[in-house]
Amino acid sequence: QLQASGGGLVQAGGSLRLSCAASGSISSIRTMGWYRQAPGTQRELVASVTLPGTLYIADSVKGRFTITRDTARNTVSLQMNNLKPEDTSVYYCNSVPAFLNWGQGTQVTVSS
């Protein structure tokens, strides 16, 4: 079970930090990521991190979002800075590729 939290309403230019807590161990999962899905769109991967620490950051958020994982605490975090209205979505964490059960996600709304 994956529980995402930390979303909310923020003005453009603001910051949020999302956290994902896993009820089971994710220490053996090579790649964990954050996805997002806006209404009427497909879910997309925005950032991922491997166990050795290799990062992937989507072009749309590069330079603004950072992903980290704490294997000991079974958590994955997404620091989002300089948020834009187009970042408005429900954000989810999962493995990459996604094979864990999706949690409810956390809503991020960025006002202009």
Side-chain angles (χ1 to χ4, degrees):
Q1 186 76 13
L2 299 168
Q3 182 64 50
S5 62
L9 173 63
V10 64
Q11 289 187 332
S15 298
L16 285 173
R17 183 175 181 84
L18 306 184
S19 294
C20 174
S23 58
S25 175
I26 58 172
S27 61
S28 62
I29 298 176
R30 177 171 175 80
T31 307
M32 290 295 297
W34 280 94
Y35 301 76
R36 69 185 180 186
Q37 185 171 25
T41 69
Q42 289 192 334
R43 196 168 296 179
E44 62 171 346
L45 177 68
V46 295
S48 67
V49 56
T50 68
L51 282 171
T54 301
L55 303 179
Y56 162 79
I57 307 293
D59 287 343
S60 58
V61 302
K62 195 166 291 184
R64 302 187 296 120
F65 289 14
T66 303
I67 185 171
T68 56
R69 70 187 290 177
D70 186 331
T71 303
R73 296 184 179 183
N74 270 342
T75 59
V76 184
S77 299
L78 186 70
Q79 177 67 42
M80 307 187 296
N81 299 326
N82 190 21
L83 283 160
K84 302 178 179 181
E86 51 263 42
D87 295 320
T88 295
S89 283
V90 179
Y91 285 73
Y92 306 83
C93 64
N94 209 317
S95 55
V96 181
F99 58 80
L100 302 173
N101 290 328
W102 293 98
Q104 290 188 340
T106 186
Q107 175 71 48
V108 171
T109 303
V110 185
S111 63
S112 57

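Scanning all heavy atoms of the two residues, the minimum distance from Ala47 to Ile57 falls at CB-CD1, 3.7 Å. Considering all non-hydrogen atoms of both residues, Ala22 and Leu2 come closest at CB-CD2, 3.8 Å.
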Show me the side-chain donor-acceptor pairs of residues 77-85 shorter than 3.5 Å, one per line, residues at least two apart or across chains.
residue: Gln79; atom: OE1; partner: Arg17; partner atom: NH1; Å: 3.3
residue: Gln79; atom: NE2; partner: Asn81; partner atom: OD1; Å: 2.9
residue: Asn81; atom: OD1; partner: Ser15; partner atom: OG; Å: 3.0

For a quick test of your reading: what N or O donor-acceptor pairs under 3.5 Å do the side chains of residues 105-112 make, sequence neighbours left out?
residue: Thr106; atom: OG1; partner: Gly7; partner atom: N; Å: 3.0
residue: Gln107; atom: NE2; partner: Ser89; partner atom: O; Å: 3.4
residue: Gln107; atom: NE2; partner: Thr109; partner atom: OG1; Å: 3.3

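Contacts classified as salt bridge (Lys or Arg N to Asp or Glu O under 4.0 Å) and involving residues 98-107 (residues at least two apart or in different chains) are not found. Residue pairs meeting the ring pair (Phe, Tyr, Trp, His ring centres under 6.0 Å) criterion with at least one member in residues 85-112, sequence neighbours excluded: Tyr35-Trp102, Tyr92-Trp102. The stretch residues 35-91 participates, sequence neighbours left out, in no disulfide bond (SG atoms under 2.5 Å apart) pair at all. Evaluation of the ring pair (Phe, Tyr, Trp, His ring centres under 6.0 Å) test over residues 3-23, restricted to residues two or more places apart or in two chains, returns none.
With sequence neighbours excluded, no residue forms a ring-ring contact (aromatic ring centres under 6.0 Å, His included) with Phe65. When the side chain to side chain contact (heavy atoms under 4.5 Å, CB included) test is applied to Glu44, the partners found at least two apart in sequence or on another chain are Arg36, Val46. Applying the side chain to side chain contact (heavy atoms under 4.5 Å, CB included) criterion to Thr75, with sequence neighbours excluded, gives Asp70, Arg73. The side chain to side chain contact (heavy atoms under 4.5 Å, CB included) search around Val76 returns Cys20, Ile26, Met32, Trp34, Ile67, Arg69, not counting sequence neighbours. Under the rule for a side chain to side chain donor-acceptor pair (under 3.5 Å), the partners of Gln37 that lie at least two apart in sequence or sit in another chain are Arg43. Applying the side chain to side chain contact (heavy atoms under 4.5 Å, CB included) criterion to Pro52, with sequence neighbours excluded, gives Arg30, Thr50.
Using a 4.5 Å cut-off on side-chain heavy atoms (C-beta onward), Leu45 and Tyr56 make contact.
Residues Val10 and Val90 are members of separate hydrophobic clusters, defined by side-chain heavy-atom contacts under 4.5 angstrom among Ile, Leu, Val, Met, Phe, Trp and Tyr.
With Leu51 as the partner, the side-chain contact (heavy atoms from CB on, under 4.5 Å) test is satisfied by one option alone out of Thr71, Ile29, Thr31: Thr71.
Side chain of Asn74 to main chain of Ser23: no donor-acceptor pair is present (N/O by atom type, distance under 3.5 Å, no hydrogens or angles).
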